[in-house]
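Working notes, beginning with the structure itself.
Quick note on labels: first sequence line is chain A, next is B, and so on, each numbered from 1. All heavy atoms count here, side chains included; hydrogens, waters and symmetry mates do not. Since we're looking at a predicted model, the values are computed, not measured.
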Amino acid sequence: MIDLIFPDGSKRSYDDGASGRAVAHSIAPSLAKRAVLVKLDGELLDLDRALPHGGRFELLMRDAPEALETIRHDASHVMAEAVQELFPGTQVTIGPSIEDGFYYDFARDEPFSLDDLAKIEQRMKEIVDRDEPITREVWGRDEAIAHFKSIGEVYKAEIIEGIPADQDVSVYRQGAWKDLCRGPHLPSTKAVGKAFKLTKLAGAYWRGDHRNAQLQRIYGTAWASEADLEAYLHRIEEAEKRDHRKIGRALDLFHMQEEGRGMVFWHPKGWQLWRTLEAYMRRRLDAAGYVEVKTPQVLDRSFWEASGHWEKYRPNMFVCETVEGEELSLKPMNCPGHVQIFKVGLRSYKELPMRMAEFGACHRYEPSGALHGLMRVRGFTQDDAHIFCREDQIVSETEKFVRLTRLIHGDLGMQTSYVALATRPEIRAGSDEFWDKAEGMLAEAAKAAGVDVVIMEGDGAFYAPKLDFVVKDAIGREWTCGTLQLDYVLPERLDAEYVAEDGTRQRPVMLHRAVLGSFERFIGIMIENFAGAFPMWLAPVQVVVATITSDADDYARQVADTLRARGLRVELDVRNEKINYKVREHSLAKTPVIAVVGRREAEEGKVALRRLGSDGQQILGVEEAANLLAMQADPPDVAEGSAQRTASTPHEAAGAMEA
RNA sequence: GCCGCUUUAGCUCAGCUGGUAGAGCACCUCAUUCGUAAUGAGGGGGUCACAGGUUCGAGUCCUGUAAGCGGCACCA
């Protein structure tokens, strides 16, 4: 007998081998019809599978949030069945559910076309209508390998070959079609419903390895209801409007062109945004005890040989040759340069930790297919810094960095998706003891800074682990904006040392770190986050003074000058256009404030402020408006500072800082 | 780099089965001085990504190259 505990707390006993459906039936026959899955002690099971043990038991309906993943997984199976019906000879490989949908990787010589997607989608709907029961079977491993080989499914056979010899495998039968799968699945294809859509066609390597065959991946999205599907498609459509490449063009921030793939031409407004960001970063770094340096853009081959980059990183380097036969490379990284500065003179332990920052322009020859707007470029500027420290300073320096990054990202409206702790890769330098310690230090520091890390197994550099701050763009792609990497190797290689308390020469540890990652990528993400409507302090143009008639032109110039004198970035619009036209244009350009002046304002010495996103007006005297706008345009760190200054006691100052 | 798709005016896009290029916005000129999301009229602008090929004839068909886009791999 097995004992089940129901969600309401009641308990009941059932015969061994009872299935979820049988249990449901014992409660109410209608329940057995509606249920699609079982949740037993938190684990999802097929409705018809014999319950393996007792425990907390719950029946899931099709619209349960937990069922959605299974709907998507089943949709991928239905797609695979449809594809094999329509395109005999196509091999199936793997087809999981993913965020918002699913995919399936197929092996087929002929490429699928976009037209095929519509046909496949149609056939999927037919399979749903067929209401094919989905049943689980347990096969012996060898039996399964033989079967899949016999029907020409070599990829499936290869997957099973990776399973331990003594283990059985589960095979799901869905009508005449079957697939190796761990499950669980819905009771029949009908339960998948029709709220799905095939979205894109892509290439993908077998087992994610570029040395393997390239498969054809079909992506789809699937939802519990038609309404959810519609909402999703609408969401994606809206998100695509926030694409930084579109907004970058619309707001005249930057452009790129063929002759400079992966290189950015920053236009005046885009560059203003950059300068604002850079100035802000510089203040934050100054306050955090960093020193700023600048190192050469181009260095001799011998330099990169010494650093090890020539050997390991050469394919990614822009190398040039001079008429005199020298071989030089644009710097792909700033680290070796910083070590040179560290090495000048004799360093004392008293100088550690030394936090050496540089807004360092780097060039890397990135694979052509990797380039992506501002997010992945070949010429980019890192907000780089290297912290030279003793081993016993790693944890506290890492903690400080994590806190600084959280502060800065918060100021810039960045939503961190997660912080990844990238651990030891398979091919690595250093002992297991070293890796245990190194990973432990980063985890400890993150925890001390109040951050939960997601472990990314095997993603570390080959010589040390790292912390990555991962953020998402408008449509959910993940990008690293902010990273910290531990490094014992480069100081050794480039022979950096300091004199310790006891007079001995010691090796410092280096922490490579960036808060933004790169200005390019970070600005790209910011554009998408704000959909181009930057907060006042970041907006390239903060105020447009717009006239209604040319009578107010002179007055408008005075207003603009007054605002500019307060440090505001102001544009003057005295064109012979209607105010409606000007308001529309500057609103579309996402200008935070439009200061409208007409004859009335000119006579009364006032301005009518209109804020982006509202159609109300605020009529103020010019001085009053200048004070208000200047205050509102304060960068967050400056605002923090003035809040501290205005606080009358140290106690209040501390309070102001926390607020 | 790999797989697929795309490339027509500054931008967004029409252009059916090959018959010799079009719209809206933007730009320029003129008129209009009009109180909070598009004033009207007129005008200029394209070797249809590039290079070959098929054809009497190619923006339309074929091949190659390049770039862009979506993924994969790689990565800040």
Side-chain angles (χ1 to χ4, degrees), chain A residues 103 105 111-114 116-117 199-219 240 243 245-246 249-250 252 255-261 315-316 332-333 360 362 364-378 380-384 459 461 466 468-471 475 477-483 485 512-522 524-525 546-553 574-589 594-601 608-617:
Chain A
Y103 68 78
D105 286 348
F112 290 114
S113 72
L114 256 24
D116 293 335
L117 291 196
T199 51
K200 48 197 172 188
L201 207 48
Y205 297 105
W206 168 235
R207 298 208 146 148
D209 191 328
H210 69 278
R211 291 164 300 192
N212 290 340
Q214 187 145 29
L215 308 170
Q216 295 187 67
R217 176 172 298 180
I218 301 177
Y219 282 96
E240 280 169 356
D243 189 310
R245 293 165 295 195
K246 278 189 190 168
R249 198 183 304 118
D252 195 18
H255 88 271
M256 300 167 96
Q257 61 190 48
E258 267 194 42
E259 301 90 327
R261 299 191 65 190
N316 288 290
M333 296 174 188
C362 296
R364 298 181 188 170
Y365 188 82
E366 300 288 356
S368 55
L371 302 179
H372 186 103
L374 292 178
M375 307 300 196
R376 190 78 181 274
V377 289
R378 285 180 174 162
F380 59 104
T381 301
Q382 296 179 311
D383 65 314
D384 207 0
D459 263 6
K466 59 178 179 169
D468 279 340
F469 287 74
V470 179
V471 303
I475 68 163
R477 283 180 286 240
E478 294 184 343
W479 303 95
T480 297
C481 288
T483 183
Q485 197 169 311
H512 306 250
R513 43 105 294 164
V515 171
L516 308 179
S518 76
F519 280 80
E520 286 79 0
R521 177 176 293 180
F522 202 89
I525 295 277
T547 51
I548 294 170
T549 63
S550 53
D551 296 343
D553 286 3
V574 293
R575 290 176 302 171
N576 176 12
E577 294 290 351
K578 289 188 168 184
I579 192 62
N580 286 1
Y581 181 85
K582 294 184 184 182
V583 165
R584 174 180 156 81
E585 197 168 86
H586 300 301
S587 298
L588 290 173
I594 304 174
V596 177
V597 294
R599 196 173 301 156
R600 204 153 65 217
E601 284 75 14
L609 302 182
R610 180 192 165 110
R611 311 273 173 172
L612 183 61
S614 104
D615 53 6
Q617 302 175 48

> Is a side-chain N or O of A:E601 found less than 3.5 angstrom from the main chain of A:G598, in a donor-acceptor match?
Replying inline: yes
>> I need the CD-P distance between A:E366 and B:C74, as an integer number of Å.
In response: 13 Å
> Does any donor-acceptor pair link the side chain of A:Q216 with the base of B:G71 at a separation under 3.5 Å?
Replying inline: no
> Counting any heavy atom closer than 4.0 Å, what does A:L588 reach on the DNA or RNA strands: base, sugar-phosphate only, or nothing?
Replying inline: base
> Looking across every strand, which nucleic acid part, if any, lies under 4.0 Å from A:E240 by heavy atom: base, sugar-phosphate, or nothing?
Replying inline: nothing
>> Students often mix this up, so state it plainly: with edges at 30° and 60°, are the rings of A:H210 and A:Y205 parallel, tilted or perpendicular?
In response: perpendicular
> Counting N and O atoms only, with roles assigned by atom type, does the side chain of A:D383 sit under 3.5 Å from a partner on the main chain of A:L516, one being a donor and the other an acceptor?
Replying inline: yes
> Checking all strands, does A:A204 fall into the base, sugar-phosphate, or nothing category for heavy-atom contacts under 4.0 angstrom?
Replying inline: sugar-phosphate
>> Using only modelled atom types and a 3.5 angstrom limit, is any donor from either the side chain of A:R376 or the base of B:C75 paired with an acceptor on the other?
In response: yes
> Any donor-acceptor pair under 3.5 Å between the side chain of A:R513 and the base of B:A76?
Replying inline: no
>> Rounding to an integer number of Å, can you tell me how far A:Q257 CD sits from B:C50 C1'?
In response: 16 Å
> Does any donor-acceptor pair link the side chain of A:R245 with the base of B:C69 at a separation under 3.5 Å?
Replying inline: no
> Could you state the OH-P distance from A:Y581 to B:G40, rounded to the nearest angstrom?
Replying inline: 11 Å
>> Tell me whether the side-chain N or O atoms of A:Y205 pair up with the base of B:G71 as donor and acceptor below 3.5 Å, since no angle test is needed here.
In response: no
> When we call it a touch if two heavy atoms are under 4.0 Å apart, what does A:G203 touch: a base, just sugar-phosphate, or nothing?
Replying inline: base
> What integer distance in Å separates A:E601:CD from B:G35:P?
Replying inline: 11 Å
>> Could you identify the nucleotide paired to B:C25, looking across every strand shown and requiring Watson-Crick or G-U wobble geometry with both distances under 3.5 Å?
In response: B:G10
>> Here's a test for you: under side-chain contact (heavy atoms from CB on, under 4.5 Å), which of A:M375, A:R521, A:R364 qualifies with A:F380?
In response: A:R364
> Roughly, in whole Å, what's the span from CG in A:D209 to P in B:C72?
Replying inline: 15 Å
> Looking only at atom P, what distance separates B:U60 and B:G15, rounded to whole Å?
Replying inline: 15 Å
>> Distance check needed: B:G70 C1' versus A:H372 NE2, whole Å only.
In response: 10 Å
>> Rounded to whole Å, how long is the line connecting atom CD of A:E258 with atom P of B:C69?
In response: 12 Å
>> Determine whether the aromatic ring of A:F380 stacks with the base of B:A76, defined as ring centroids separated by less than 5.5 Å and ring planes inclined by less than 30°.
In response: yes
> With a 4.0 Å cut-off on heavy atoms, is A:E577 in touch with a base, just the backbone sugar-phosphate, or nothing at all?
Replying inline: base
> Can you find a donor-acceptor N/O pair under 3.5 angstrom joining the side chain of A:S518 to the base of B:A76?
Replying inline: yes
